[in-house]
Amino acid sequence: MEKRERFINFLNNKPVDRVPIAFYHHYLNDMMLYNMNQGLTNSKLYEKNINAHLTSKQKFDPDIVKIMNDSLMIMPIDISEVKSVDDLAKVKPQAVDSKWADMSVNLAKRVKEIYADTDAPVFYTSFGPAYIMRSSCARIGNLMAGTKFFETKILKWMQEDPMAVKELVMNLAKGVVEFNKRLFDEAKIDGIYFSVNNQNEFFASKIYRDVITPGDKLILEKANEVSNMNLLHICGYRGKANDLTTFKDYEAAAYNWAVHAEGVSLREGKTLFDGKPVFGGFEQNGVIAKGNKQDIEDAVYKILDDSGQVGIMLGADCTVPTNFDDSRLNWVREACEKYAKEAKQ
């Protein structure tokens with residue numbers, strides 16, 4: 001099978017010649033909080049972000065492509081003037097023709113060119129409004145020494161006026177929708193890799209469902225009108241777990257979560273998400289990063305023995321370490337091929 005055919009079979013819960021794999025890592029350093037959006041002013045960082053995809057591809061030609069937009073990762077919003085919850089109405093998403101949007105679309109186009117010789121489907125990471133808010137608060141809190149403007153400020157806003165926060169969430173979601181439309185129209189991506197989280201119940205579950213979920217769903221709804229390949233990444237890692245039931249009714253083509261943080265296997269998650277395709281299975285900094293070839297083969301076999309090969313794609317809880325050697329992914333692919341061959345005998 002070619003990559004696209006294999007992936008489409010995965011999405012449709014149809015048999016594949018071997019299970020596809022989808023692992024990703026950032027190309028800058030692990031201090032993402034400080035590097036995100038630095039590409040706006042640092043051309044070297046911006047170019048390094050793009051060119052690193054080629055270096056990665058030379059070591060492993062992926063089954064699916066996820067554009068890593070490290071240098072322009074999170075939609076920047078200006079919350080520096082928010083002194084009270086009433087000021088939230090002043091906060092606006094990035095304009096669809098802003099410098100950040102223009103450079104992001106250009107990044108997507110150029111990375112897509114790197115993979116022009118493959119039929120692998122291409123995805124762009126899209127973040128939900130809650131993460132946009134939280135990252136902006138955390139970034140300002142850390143960069144403005146002596147202030148107490150940390151992301152916990154959001155919790156205070158939630159207590160004071162949840163509807164004001166919901167209005168901001170919906171405004172941000174509409175901005176994300178407009179930006180994603182440019183990615184579909186101009187960069188010709190196949191889908192979004194939609195990242196959401198409520199790790200360790202940062203927001204109480206009911207608050208998340210009432211205030212945050214409508215914005216998340218709007219982004220997915222509009223993306224689903226354009227593509228039937230949009231993937232949901234429920235971001236958990238290093239012990240930071242989510243309550244998966246919070247996202248059970250999110251409409252996506254396939255679902256990924258932190259198997260090791262949440263303690264929910266691919267098989268169990270497939271049942272939770274009503275039999276829809278799921279992917280993941282590997283701890284991000286475990287055997288995939290530290291084991292030898294036999295260790296990785298054993299891990300592949302263990303996962304597939306439990307989950308089967310239909311509607312399953314192997315990947316990690318979240319991004320593997322930044323300094324990851326992409327050539328190791330060839331061991332995963334070889335193990336999937338070997339497993340499929342033995343299963344037919």
Side-chain angles (χ1 to χ4, degrees), residues 26 30-41 69-95 98 100-101 125-179 194-219 233-243 246-247 258 261 318:
H26 295 293
D30 286 326
M31 300 285 284
M32 292 308 301
L33 183 62
Y34 298 97
N35 280 320
M36 65 177 69
N37 300 328
Q38 292 302 304
L40 282 169
T41 55
N69 52 336
D70 298 347
S71 61
L72 298 169
M73 192 167 71
I74 308 294
M75 176 184 282
I77 58 172
D78 184 4
I79 57 172
S80 60
E81 298 303 315
V82 177
K83 307 303 180 185
S84 73
V85 70
D86 295 333
D87 294 328
L88 291 180
K90 304 174 185 176
V91 179
K92 304 298 180 186
Q94 283 285 310
S98 66
W100 175 84
T125 308
S126 182
F127 291 92
Y131 195 64
I132 293 173
M133 291 191 303
R134 290 180 62 182
S135 65
S136 294
C137 285
R139 180 171 54 83
I140 288 181
N142 280 279
L143 296 182
M144 293 174 62
T147 74
K148 296 181 180 179
F149 207 90
F150 295 91
E151 62 176 339
T152 50
K153 195 81 171 179
I154 300 172
L155 300 179
K156 184 173 183 291
W157 297 337
M158 283 287 198
Q159 291 176 341
E160 293 174 345
D161 192 346
M163 288 303 99
V165 178
K166 184 174 183 177
E167 183 177 352
L168 172 58
V169 165
M170 293 306 294
N171 285 338
L172 294 177
K174 291 173 184 175
V176 173
V177 167
E178 290 302 309
F179 171 63
F194 188 45
S195 179
V196 297
N197 78 78
N198 189 30
Q199 296 159 355
N200 297 339
E201 292 216 356
F202 178 83
F203 301 107
S205 293
K206 186 178 187 306
I207 291 291
Y208 192 97
R209 290 289 302 180
D210 290 346
V211 178
I212 307 297
T213 289
D216 288 347
K217 285 190 169 184
L218 176 66
I219 293 169
H233 169 55
I234 305 168
C235 184
Y237 58 93
R238 297 173 185 170
K240 296 181 179 181
N242 295 275
D243 177 358
T246 300
F247 309 99
C318 193

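- The structure places OG of Ser84 at 8.0 Å from NZ of Lys156, a figure rounded to the nearest 0.5 Å.
- Nearest heavy atoms, Met133 versus Leu168: SD-CD2, 3.6 Å.
- With values rounded to the nearest 0.5 angstrom, Leu40 atom CG is found 8.0 Å from Ser98 atom OG.
- Scored by the ring-ring contact (aromatic ring centres under 6.0 Å, His included) test, Phe194 finds no partners at all (sequence neighbours excluded).
- A donor-acceptor contact shorter than 3.5 Å links the side chain of Asn198 to the backbone of Phe203.
- In terms of modelled atom types and a separation under 3.5 Å, the side chain of Ser135 and the main chain of Ile132 share a donor-acceptor contact.
- In this pair, Tyr208 and Phe247 present their aromatic rings perpendicular. The plane angle is above 60°, beyond the 30 to 60° band.
- Residues meeting the ring-ring contact (aromatic ring centres under 6.0 Å, His included) test with Tyr237, sequence neighbours left out: none.
- Residues that satisfy the salt bridge (charged side-chain N to carboxylate O under 4.0 Å, His left out) test with Asp86, not counting sequence neighbours, are absent from this structure.
- Residues Lys166 and Asp210 fail the side-chain proximity criterion, which asks for heavy atoms closer than 4.5 Å.
- The backbone N or O of Leu72 sits less than 3.5 Å from a side-chain atom of Trp100, completing a donor-acceptor pair.
- Within the model, atoms OH of Tyr131 and CE of Met73 stand 5.0 Å from one another, a figure rounded to the nearest 0.5 Å.
- Atom CG in Leu155 sits 11.5 Å away from atom NZ in Lys153 (nearest 0.5 Å).
- Heavy atoms from other residues, nucleotides or ligands lying under 6.0 Å from NZ of Lys240 number 12 at most.
- Of the residues listed (Val176, Leu172, Val196), the one engaging Ile219 in a side-chain contact (heavy atoms from CB on, under 4.5 Å) is Val176, and it is the only one.
- Expressed to the nearest 0.5 Å, how far NZ of Lys83 lies from CG of Leu88 amounts to 12.5 Å.
- Atom CD in Glu201 sits 13.0 Å away from atom NZ in Lys206 (nearest 0.5 Å).
- Residue Asn171 comes nearest to Pro93 through the heavy atom pair O-CG, 3.5 Å, listed as atom of the first residue, atom of the second, then distance.
- Under the 3.5 Å distance criterion, the side-chain polar atoms of Asn242 are matched with a main-chain donor or acceptor of Gln199.
- Gly215 and Val169 make their closest contact through CA-CG1, 4.0 Å (heavy atoms, listed as atom of the first residue, atom of the second, distance).
- Scanning all heavy atoms of the two residues, the minimum distance from Gly236 to Cys318 falls at O-CB, 3.9 Å.
- Among all heavy-atom pairs drawn from Arg134 and Asn197, the shortest one is NH1-OD1, 3.6 Å.
- Judged by distance alone, the side chain of Glu178 and the main-chain N or O of Ala95 form no donor-acceptor pair under 3.5 Å.
- When every heavy atom of Ser205 is checked against every heavy atom of Asp243, the shortest pair comes out as OG-OD2, 4.2 Å.
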